[in-house]
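Structure record follows, encoded as structure tokens.
In this chain, residues are counted from 1 in sequence order.
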Amino acid sequence: MIDLEKYASFVMAVTSKESREIGHFIERLKEVHFNSDTLNTPLLLTAIIGMTSEAGEAQEIVKKVFFQGKPFTEETRQHLKKELGDVIWYWINACNALDLDPNEVVAENVSKLEARYPGGKFDAYYSENRKEGDI
């Protein structure tokens, strides 16, 4: 059996100071923010937290349909559509925060996937056996 107090102490020991202490977190924020000409730190934090939150809301809808018996209706579809809109709103903000052209981000993604899947079709082998540097 796991001793949760012992585990909690272990977790704290392997958690960074920036994650545990506000002073270290603020210093790291300053260090990262002021050492980059192409990073809007507050916007990036808002975007990434917002994007994952909205994706979680969409995931909750899908979970209820597939695992809890909720019917997939036009209302459900429209709800998912709204959540996807929220995801892309935050995604665009992430691009803005990083001073990236969203069109270039998508084009690079297409190039990456074309290189991963020769012939332009999914193949489980290439999905699991990627070339070095393919992330």
Verify, without hydrogens or angle tests, whether Lys82 (side chain) and Arg77 (backbone) share a donor-acceptor contact under 3.5 angstrom. no
Arg130 backbone acceptor or donor facing Arg116 side chain under 3.5 Å: no
Taking atom CZ of Phe10 as the centre, report whether more than 12 heavy atoms of other residues, nucleotides or ligands fall under 6.0 Å from it. no
Show, in sequence, the C-alpha distance, side-chain angles and deciding distance for Gln78 and Glu74, and conclude whether the side-chain contact (heavy atoms from CB on, under 4.5 Å) test is met. CA-CA 6 Å; Gln78 290 303 314; Glu74 184 58 26; 2.8 Å; yes
Please step through side-chain contact (heavy atoms from CB on, under 4.5 Å) for the pair Leu45 and Leu29, ending with a clear verdict. CA-CA 10 Å; Leu45 291 171; Leu29 282 172; 3.8 Å; yes
May I ask whether Val106 and Ile92 are part of the same hydrophobic cluster, defined by side-chain heavy atoms of I, L, V, M, F, W, Y residues being less than 4.5 angstrom apart, directly or through others? yes
Show me the side-chain donor-acceptor pairs of residues 117-124 shorter than 3.5 Å, one per line, residues at least two apart or across chains.
residue: Asp123; atom: OD1; partner: Tyr125; partner atom: N; Å: 2.7

Spacing of CH2 belonging to Trp91 relative to CG belonging to Asp86, to within rounding of 0.5 Å: 15.5 Å
Lys112 NZ: over 12 foreign heavy atoms closer than 6.0 Å: yes
About how many Å separate OG of Ser16 and CD of Glu21, when rounded to the nearest 0.5 Å? 9.5 Å
Compile the donor-acceptor pairs under 3.5 Å between side chains in residues 46-53 and protein atoms, sequence neighbours left out, one pair per line.
residue: Thr46; atom: OG1; partner: Pro42; partner atom: O; Å: 2.9
residue: Thr52; atom: OG1; partner: Ile48; partner atom: O; Å: 3.1
residue: Thr52; atom: OG1; partner: Ile49; partner atom: O; Å: 3.0
residue: Ser53; atom: OG; partner: Ile49; partner atom: O; Å: 2.8

Side chains of His79 and Glu83: any donor to acceptor distance under 3.5 Å? yes
pair Phe72-Leu80: side-chain heavy atoms closer than 4.5 Å: yes
Closest heavy-atom pair and its distance - His24, Glu18: O-CG, 3.7 Å
Rounded distance [0.5 Å steps], CE in Met12 versus CZ in Arg20: 5.0 Å
Tell me whether Gln59 at atom CD has more than 12 heavy atoms from other residues, nucleotides or ligands lying less than 6.0 Å away. no
Which atoms form the tightest heavy-atom contact between Lys70 and Thr76, and what is the distance? CE-OG1, 3.9 Å
Rounded distance (nearest 0.5 Å) linking atom OG1 of Thr41 with atom CZ of Arg28: 10.0 Å
Take a 6.0 Å sphere around CD of Glu5 and say whether it holds more than 12 heavy atoms from other residues, nucleotides or ligands. no
Determine, using the 4.5 Å side-chain heavy-atom cutoff (strictly less than), whether Val11 and Ile2 are members of one ILVMFWY cluster. yes
Do Ile88 and Ile61 sit in one hydrophobic cluster, given that two such residues count as connected whenever their side-chain heavy atoms are within less than 4.5 Å of each other, even indirectly? no
Spell out, as yes or no, whether a donor-acceptor pair under 3.5 Å connects the side chain of Asn35 to the backbone of Glu31. yes
Which residue, Asn40, Thr38, Val32, forms the side chain to side chain contact (heavy atoms under 4.5 Å, CB included) with Ser36? Thr38
Nearest 0.5 Å, what's the CG-CG distance between Leu113 and Asn109? 4.5 Å
Same cluster or not: Leu84 versus Val62, using hydrophobic residues (I, L, V, M, F, W, Y) connected whenever any side-chain heavy atoms lie under 4.5 Å apart? no
Would Tyr7 end up clustered with Val14 when hydrophobic side chains under 4.5 Å apart are linked, directly or stepwise? yes
